[in-house]
Chemist: 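Questions regarding the structure given below will be posed in turn.
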Amino acid sequence: MKVILFGGSGMVGQGVLRECLIDASVESVLSVGRSPLGVQHAKLSEILHKDFFDYSAIEQQLAGHDACFFCLGVSSIGMAEERYRHLTYDITMAAATTLARLNPGMVFTYVTGRGTDSTESGKLMWARVKGKTENDLLKLPFKAAYMFRPPGIQPLHGVRSKTGWVNAIYTVTAPLLSWLVRVAPDHMTTSERMGRAMISVARNGYPKPVLESADINRF
Ligand SMILES: NC(=O)c1ccc[n+]([C@@H]2O[C@H](COP(=O)([O-])OP(=O)(O)OC[C@H]3O[C@@H](n4cnc5c(N)ncnc54)[C@H](OP(=O)(O)O)[C@@H]3O)[C@@H](O)[C@H]2O)c1
């Protein structure tokens with residue numbers, strides 16, 4: 001598979017990138033990001049891009065791909081709905097509509113979160129916005145689209161958050177998180193399982209378009 005990765009510098013994206021680089025079924029990874037990943041690998045190439053609402057300047061490079069792993073996302077904490085919608089719905093749809101037009105045979109996988117609201121009308125702002133984003137992604141003319149709703153994610157294999165105190169918490173709680181992944185797979189997964197699941201689903205498909213924690217933890 002020729003893969004395009006968005007959000008490769010983030011916690012989820014680092015994990016997905018790692019699995020892509022070690023998985024023989026992934027032929028190449030094209031990362032689209034704002035700053036260099038700092039990773040050198042024969043399979044990896046990068047586009048440093050500024051405007052995530054407009055891809056017209058890089059369309060040629062975005063064509064000819066089999067899968068997109070869209071791990072770009074922001075936290076809604078302290079953010080007004082309009083801003084969160086702009087950075088979540090608008091960025092994702094801008095990229096996805098461009099990719100669907102350029103790659104009709106593409107499988108698009110999107111990372112949302114446990115509790116995403118498909119009705120788009122619940123009480124939680126982030127869940128409504130992610131729900132609308134999922135619903136509209138599923139209408140695009142991709143070969144297939146899959147929505148991943150992870151619970152908490154334990155970073156493994158050197159995957160790190162960009163926030164120092166978050167890393168400190170993950171380090172201190174690592175034994176507890178590993179235990180939770182085993183005993184409460186509805187509440188915790190790992191960066192490794194996320195990456196494996198996204199690759200496997202892009203390659204082989206999955207019986208349903210929305211993957212909850214239990215689905216992700218099967219991989
Ligand atoms: N981490 C978890 O435990 C967890 C659990 C469930 C769901 N999720 C979801 O997974 C997704 C990724 O989370 P994460 O933890 O990986 O987040 P993260 O570590 O903060 O990474 C976010 C990624 O998105 C990119 N990004 C953010 N805003 C951008 C913008 N305006 N333009 C271009 N790139 C932008 C960042 O690029 P820069 O490096 O350039 O900032 C980075 O690559 C989010 O939607 C989140 O809700 C995460």
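Computed over heavy atoms, backbone and side chain alike; hydrogens, waters and symmetry mates excluded. Sequential numbering from 1 along the given sequence is applied to the chain's residues. In listed order, ligands and their atoms are each counted from 1.
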Chemist: So, taking the atom named CZ in Arg114 and the one named CZ in Arg149, what distance separates them when rounded to the nearest 0.5 Å?
Modeler: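 If I round to the nearest 0.5 Å, the distance is 11.5 Å.
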
Chemist: At what distance is the nearest protein heavy atom to atom 25 (C) of ligand 1, and which residue and atom is it?
Modeler: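 I find the closest protein heavy atom is Leu72 CG, 3.8 Å.
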
Chemist: Do the rings of Tyr110 and Phe70 sit parallel, tilted or perpendicular, given the 30° and 60° boundaries?
Modeler: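 Because their plane-to-plane angle lies in the 30° to 60° range, the rings of Tyr110 and Phe70 count as tilted.
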
Chemist: Which residue and atom name correspond to the protein heavy atom nearest atom 3 (O) of ligand 1, and how close is it?
Modeler: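 The closest one turns out to be Ile153 N, 3.4 Å.
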
Chemist: With a 3.5 Å cut-off and no angle check, do the side chains of Thr189 and Asn217 form a donor-acceptor pair?
Modeler: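 Side chains of Thr189 and Asn217: pair found under 3.5 Å.
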
Chemist: Where is the nearest protein heavy atom to atom 5 (C) of ligand 1: which residue, which atom, and how far?
Modeler: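 Protein heavy atom at minimum distance: Pro151 O, 3.2 Å.
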
Chemist: Could you identify the single nearest non-hydrogen protein atom to atom 32 (N) of ligand 1 and state the distance to 0.1 Å?
Modeler: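 Here the closest protein heavy atom is Arg34 NH1, 3.5 Å.
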
Chemist: Nearest to atom 21 (O) of ligand 1, what protein heavy atom do you find, and at what distance?
Modeler: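 The closest heavy atom on the protein side is Gly10 CA, 3.1 Å.
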
Chemist: Could you tell me whether some N/O pair between Val12 and ligand 1 is separated by less than 3.5 angstrom?
Modeler: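 So ligand 1 has an N or O lying under 3.5 Å from an N or O of Val12.
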
Chemist: Quick one: look up the protein heavy atom nearest atom 12 (C) of ligand 1 and list residue, atom name and how far away it is.
Modeler: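 Of every protein heavy atom, Cys71 O, 3.2 Å lies nearest to atom 12 (C) of ligand 1.
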
Chemist: Mind running side chain to side chain donor-acceptor pair (under 3.5 Å) on Gln154 and Thr190 for me, showing each step along the way?
Modeler: CA-CA 4 Å; Gln154 180 185 22; Thr190 68; over 6 Å; no

Chemist: Quick one: which ligand 1 atoms are inside 4.0 Å of a heavy atom on Gly7?
Modeler: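 Listed by number with element: 43 (O).
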
Chemist: So, does Asn103 use its side chain to make a donor-acceptor pair with the main chain of Leu62 at under 3.5 Å?
Modeler: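 Checking the backbone N and O of Leu62 against the side chain of Asn103, a donor-acceptor pair under 3.5 Å is found.
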
Chemist: Considering distance alone, does some N or O of Met11 sit under 3.5 Å from an N or O of ligand 1?
Modeler: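 Between Met11 and ligand 1, an N or O pair is found under 3.5 Å apart.
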
Chemist: Can you tell me which residue among Val39, Leu44, Ile4, Leu48 is in a side-chain contact (heavy atoms from CB on, under 4.5 Å) with Ser31?
Modeler: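 For Ser31, the side-chain contact (heavy atoms from CB on, under 4.5 Å) test succeeds with only one of Val39, Leu44, Ile4, Leu48, which is Leu44.
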
Chemist: Suppose we measure from atom 8 (N) of ligand 1 to each protein heavy atom; which comes out shortest, and what is that distance?
Modeler: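 In this structure, atom 8 (N) of ligand 1 has Thr112 O, 3.7 Å as its nearest protein heavy atom.
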
Chemist: With backbone taken as N, CA, C and O and side chain as the heavy atoms from C-beta onward, which portion of Lys130 lies under 4.0 Å from ligand 1: side chain, backbone, both, or neither?
Modeler: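 The answer is the side chain of Lys130.
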
Chemist: Quick one: which ligand 1 atoms are inside 4.0 Å of a heavy atom on Ile91?
Modeler: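 What qualifies from ligand 1 is 30 (C), 31 (N).
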
Chemist: Go through ligand 1 atom by atom and flag the ones less than 4.0 Å from a non-hydrogen atom of Val111.
Modeler: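 Heavy-atom distances to Val111 below 4.0 Å select 9 (C), 10 (O), 45 (O).
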
Chemist: Any chain of hydrophobic side-chain contacts (each under 4.5 Å) joining Leu137 to Val107?
Modeler: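 Hydrophobic grouping puts Leu137 apart from Val107.
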
Chemist: Taking everything shown except Arg218 itself, do over 12 heavy atoms lie less than 6.0 Å from its CZ?
Modeler: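 Counting other residues, nucleotides and ligands, CZ of Arg218 stays at 12 neighbours or fewer.
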
Chemist: Please check if Val159 and Met194 belong to a single hydrophobic cluster, counting links between Ile, Leu, Val, Met, Phe, Trp and Tyr side chain heavy atoms closer than 4.5 Å.
Modeler: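 The answer is yes; both residues are in one hydrophobic cluster.
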
Chemist: Looking at Val74, which atoms of ligand 1 are within less than 4.0 Å of one of its heavy atoms?
Modeler: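 Answer, ordered by atom number: 27 (C), 28 (N).
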
Chemist: Report the part of Lys162 (side chain from C-beta onward, or backbone N, CA, C, O) that has a heavy atom under 4.0 Å from ligand 1; answer both or neither where that applies.
Modeler: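 Under 4.0 Å from ligand 1, Lys162 contributes side-chain atoms alone.
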
Chemist: Which atoms of ligand 1 are found less than 4.0 Å from any heavy atom of Ser9?
Modeler: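 Close to Ser9: 36 (C), 37 (O), 38 (P), 39 (O), 42 (C), 43 (O).
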
Chemist: Within the supplied structure, the quantity of interest is the number of heavy atoms (other residues, nucleotides, ligands) at a distance under 6.0 Å from Arg101 CZ; does it exceed 12?
Modeler: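 Yes, the 6.0 Å shell around CZ holds more than 12 heavy atoms from other groups.
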
Chemist: List ligand 1 atoms under 4.0 Å from Gly73, heavy atoms only on the residue side.
Modeler: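 It comes down to these atoms of ligand 1: 22 (C), 24 (O), 27 (C), 44 (C), 45 (O).
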
Chemist: Just say parallel, tilted or perpendicular for the rings of Phe219 and Tyr206, cut-offs at 30° and 60°.
Modeler: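 Aromatic pair Phe219/Tyr206 classed tilted.
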
Chemist: Any atoms of ligand 1 less than 4.0 Å from a non-hydrogen atom of Pro150? List them with their elements.
Modeler: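 Counting from 1, the qualifying ligand atoms are 6 (C), 7 (C).
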
